[in-house]
Trainee: 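First the structure, then my questions, so here it is.
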Amino acid sequence: MEQINVKLTEKVYIIQPILESMNYRVEHDEAVSLIESADAVYIGTTYQKIKTIVPATFIGSGKLSEIREKLDGLQDITVLFNGELTPSQTLNISSALGDLKVIDRTTLILDIFAKRAQSNEGKLQVELAQLKYIYPRLKGKGAALSKLGGGIGTRGPGETQLETDRRHIRLRMDYLEEKLRALSVRRKLITDRREKNSVKTISLIGYTNTGKSTLLNKLTNAEVYAADRLFATLDPTSRRFEIDGSEFILTDTVGFLQSLPHDLIEAFRSTLESALRCDLALIVCDASGEYEMQLKTTLDTLSDMGFEKPYLVVMNKCEKVSDRTAYPKDCIFVSAKEDIGLDLLKKKILNYFRQSTLQIRLKIPYEQMAAYGKLKKYVVEKSFKYGNDALYVNAVVESSLIEYFKNFIV
Ligand SMILES: Nc1nc2c(ncn2[C@@H]2O[C@H](COP(=O)(O)OP(=O)(O)OP(=O)(O)O)[C@@H](O)[C@H]2O)c(=O)[nH]1
Ligand SMILES: [Mg+2]
C-alpha cells in the first residue's frame, strides 16, 4: 500500500502520565527514542501525576490548557500521549489542545513498524495490525482522522483508506489474513524441512536495540541492517554458520518493547513462531542499559506466546560496563561491536548441544526398516554399513529422544 512520507519538520511533544505502577522514566526515554526512530523531532515533555483518570481526557483540563498555551503558535506539532488512549479520549484531548494532532503510544509504534517493514510479509503484517487498531476506532471518526494530515499515524493504511467505510476495511483485513495464512503455511514447510534436515537452529531474541542484528552479522558474516534506533529490523533473517565444523542456522528476530501493542504481537506471531521453534535461543540484553527490565519483558512476552525452549542469556555491549556483579547468574558477556567474548559464546553454544546429544550405534534388522524410517528424522546419521541381516548405523541423537531407539541400540 502507498506510504505517505514523513514530514521532516514534524515535531513531537510528549504528555507523560505518571501512574503509580509504572516505570515512567524508562518509558519516557523510550518514547523519545521512538520519536527519533520515526524520523521526527522531540521537542519537550509535560509530566503529569495521575491520581484518578479523567474518563474524557485521561489528564485534567487544567493541565491541558497549560500545554495548549505552551505549544501555542508552533507549527507541525504532534502530541504524543505516552500511553493508550480510547478513540474519544484522543479526540477530546485534541480539541482541548486547539485541534492539535494527538497520537498514542501504539499509533507511534505501529507507524515505525510501517516504515521499517521490508519484506512483503512484514508489510502485510503491519498493515493488518494498523487496520485492526483503526477499525474499532473508525465509527464516525472519519472527519476527525482525516484532519490529521500526513506524518505519524497516517502511514500504511493511509488517509484515503481511513475514509473508506468499515465494510471496505473489513474486506481488506480478511484479504490480508488470508494472504498471511498462506505465507505462514509456506514458512512452516521450510521450518519443517529444516527440522528434518536436523541442522540445529538458534534464534536471537530480545529487547529492541540490544544488538541482535549486529551479533548475527558478526557471527555469520551477514549484512543485516543494524542501527541505533528502535525496531531497526523487523523481518526474521536466517544465516548458516559453523562452529568447529558443526553447522547451525542463526535467526534474527523482531525486537521486543515494554507494552508492545497486542495487535502487533498477534500480527508478527507467525514469523516469530518459526523463530521460536529453535533448538536454542540466545536472549540478548544491553549490559549497559536496563538489562533487568529487558530480560523480564522478553521472558514475559515469550511465555505469553507459549515459548519453552532452552536459552542462554547474552549480555551485549559489555565493553561499556566495568562491574560485572549484579547480573543474572550464568549470563555470557559479549561485545558484538568490539569482538569481545564471541569465542566464549560459541563455545557455550557448542557445549550446550554436545551435552544434549549422544553418539549411538544402531542395529536395524531389515524387516524393521519401516519402523526405523519413522524415527530417522530424530537422528543425524554419520555412517552406515549393510550387514547380512541388518543395517548398522553410527548416529548422533538428542539425549531426550534416546528412549525411542532402545530397541535398536547396540
Ligand atoms: N557499544 C556497543 N554498541 C553495540 C554493540 N552491539 C551493537 N551495538 C549498537 O547498538 C545499536 C543497535 O544494534 P542492532 O544490532 O541494530 O540491535 P537490534 O537488537 O538488532 O535492534 P532492533 O532490530 O531494533 O530490535 C547499533 O547502533 C549497534 O552499532 C556492542 O557490543 N557495543
Ligand atoms: Mg535488529
Side-chain angles (χ1 to χ4, degrees), residues 26 29-39 108-119 121-123 125-126 129 202-239 241 250-261 264-265 267-268 271-272 275-276 278 281-291 293-295 297-299 301-302 311-324 327 331-346:
V26 175
D29 292 353
E30 265 178 10
V32 174
S33 304
L34 286 168
I35 290 165
E36 286 161 0
S37 300
D39 293 325
L108 177 59
I109 293 173
L110 286 170
D111 184 85
I112 296 169
F113 271 66
K115 285 187 74 191
R116 303 281 348 135
Q118 299 288 323
S119 71
E121 185 170 19
K123 286 179 184 159
Q125 285 167 330
V126 178
I202 303 170
S203 290
L204 290 160
I205 300 174
Y207 213 71
T208 180
N209 209 33
T210 51
K212 300 178 295 299
S213 303
T214 310
L215 210 48
L216 177 95
N217 289 341
K218 264 284 153 58
L219 291 171
T220 71
N221 291 322
E223 284 178 12
V224 169
Y225 179 63
D228 188 12
R229 60 194 305 166
L230 306 188
F231 304 117
T233 34
L234 300 186
D235 301 311
T237 303
S238 296
R239 291 282 183 277
F241 79 117
L250 190 64
T251 302
D252 188 17
T253 58
V254 58
F256 296 154
L257 191 77
Q258 295 182 88
S259 43
L260 205 56
L264 206 52
I265 296 180
F268 275 78
T271 20
L272 262 171
L276 299 187
C278 58
L282 300 180
I283 297 197
V284 185
C285 302
D286 178 350
S288 68
E290 299 273 338
Y291 59 87
M293 177 278 288
Q294 294 168 355
L295 185 58
T297 305
T298 305
L299 292 175
T301 313
L302 286 175
Y311 63 85
L312 302 173
V313 177
V314 178
M315 285 291 159
N316 189 32
K317 312 196 187 183
C318 76
E319 90 283 358
K320 289 206 204 166
V321 300
S322 46
D323 183 2
R324 292 188 180 181
Y327 285 87
C331 68
I332 307 160
F333 288 91
V334 304
S335 165
K337 201 167 169 190
E338 306 290 329
D339 216 329
I340 302 169
L342 297 181
D343 285 337
L344 181 67
L345 174 62
K346 288 185 198 165

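Atoms within a ligand are numbered from 1 in the order they appear, just like the ligands themselves.
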Trainee: Please, which pairs that meet salt bridge (charged side-chain N to carboxylate O under 4.0 Å, His left out) have at least one residue in residues 211-228, sequence neighbours excluded?
Mentor: none

Trainee: Looking only at non-hydrogen atoms, which of Lys337, Lys212, Arg229, Glu319 approaches atom 1 (N) of ligand 1 most closely?
Mentor: Glu319

Trainee: Specify the protein heavy atom at minimum distance from atom 23 (O) of ligand 1: its residue, its atom name, and the distance to 0.1 Å.
Mentor: Thr233 OG1, 2.6 Å

Trainee: Closest heavy-atom contact between Arg239 and Ala222?
Mentor: NE-CB, 3.6 Å

Trainee: Among all protein heavy atoms in this structure, tell me which lies nearest to atom 11 (C) of ligand 1, with the distance rounded to 0.1 Å.
Mentor: Asn209 OD1, 3.5 Å

Trainee: Distance under 4.0 Å to a non-hydrogen atom of Gly255: what atoms of ligand 1 satisfy this?
Mentor: 25 (O)

Trainee: Can you give me the closest heavy-atom contact between Thr301 and Thr297, atom names plus distance?
Mentor: OG1-O, 2.6 Å

Trainee: Short N/O distance, under 3.5 Å, between Thr214 and ligand 1?
Mentor: yes

Trainee: Any nitrogen or oxygen of Ala336 lying under 3.5 Å from a nitrogen or oxygen in ligand 1? Just yes or no.
Mentor: yes

Trainee: Are the side chain of Arg116 and the backbone of Ala232 linked by a donor-acceptor contact shorter than 3.5 Å?
Mentor: yes

Trainee: Return the number of protein N, O or S atoms with a distance to the Mg ion (ligand 2) smaller than 2.8 Å.
Mentor: 2

Trainee: Measure the distance from atom 27 (O) of ligand 1 to every protein heavy atom, then report the residue, atom name and distance (to 0.1 Å) of the closest one.
Mentor: Asp228 N, 3.2 Å

Trainee: Tell me which protein heavy atom sits closest to atom 16 (O) of ligand 1, plus the residue, atom name and distance to 0.1 Å.
Mentor: Ala227 N, 3.0 Å

Trainee: Short question: side chain of Asp235, backbone of Ser119 - any donor-acceptor pair under 3.5 Å?
Mentor: yes

Trainee: Is there a nitrogen or oxygen of Tyr225 sitting under 3.5 Å from a nitrogen or oxygen of ligand 1?
Mentor: no

Trainee: Considering the heavy atoms of Thr208, write down every atom of ligand 1 situated less than 4.0 Å from one of them.
Mentor: 22 (P), 24 (O), 25 (O)

Trainee: Under the side chain to side chain donor-acceptor pair (under 3.5 Å) rule, what do Thr210 and Asn316 come out as? Steps first, then yes or no, please.
Mentor: CA-CA 7 Å; Thr210 51; Asn316 189 32; over 6 Å; no

Trainee: Quick test: of every protein heavy atom, which one is nearest to atom 6 (N) of ligand 1, and how far off is it to 0.1 Å?
Mentor: Asn316 ND2, 3.0 Å

Trainee: What residue and atom, counting heavy atoms only, is the protein's closest point to atom 10 (O) of ligand 1, and at what distance?
Mentor: Lys317 NZ, 3.0 Å

Trainee: Would you call the rings of Phe333 and Tyr327 parallel, tilted or perpendicular, taking 30° and 60° as the class edges?
Mentor: perpendicular

Trainee: Does ligand 1 come near enough to Gly211 that some N or O of the ligand is less than 3.5 Å from an N or O of the residue?
Mentor: yes

Trainee: Can you confirm whether Phe256 is buried at CZ, in the sense that more than 12 heavy atoms of other residues, nucleotides or ligands lie under 6.0 Å from that atom?
Mentor: yes

Trainee: Return the closest protein heavy atom for atom 24 (O) of ligand 1 as residue, atom name and distance.
Mentor: Ala232 N, 2.7 Å

Trainee: Taking 4.0 angstrom as the limit and counting only heavy atoms of Ala226, give me the atoms of ligand 1 inside it, by number and element.
Mentor: 14 (P), 15 (O), 16 (O)

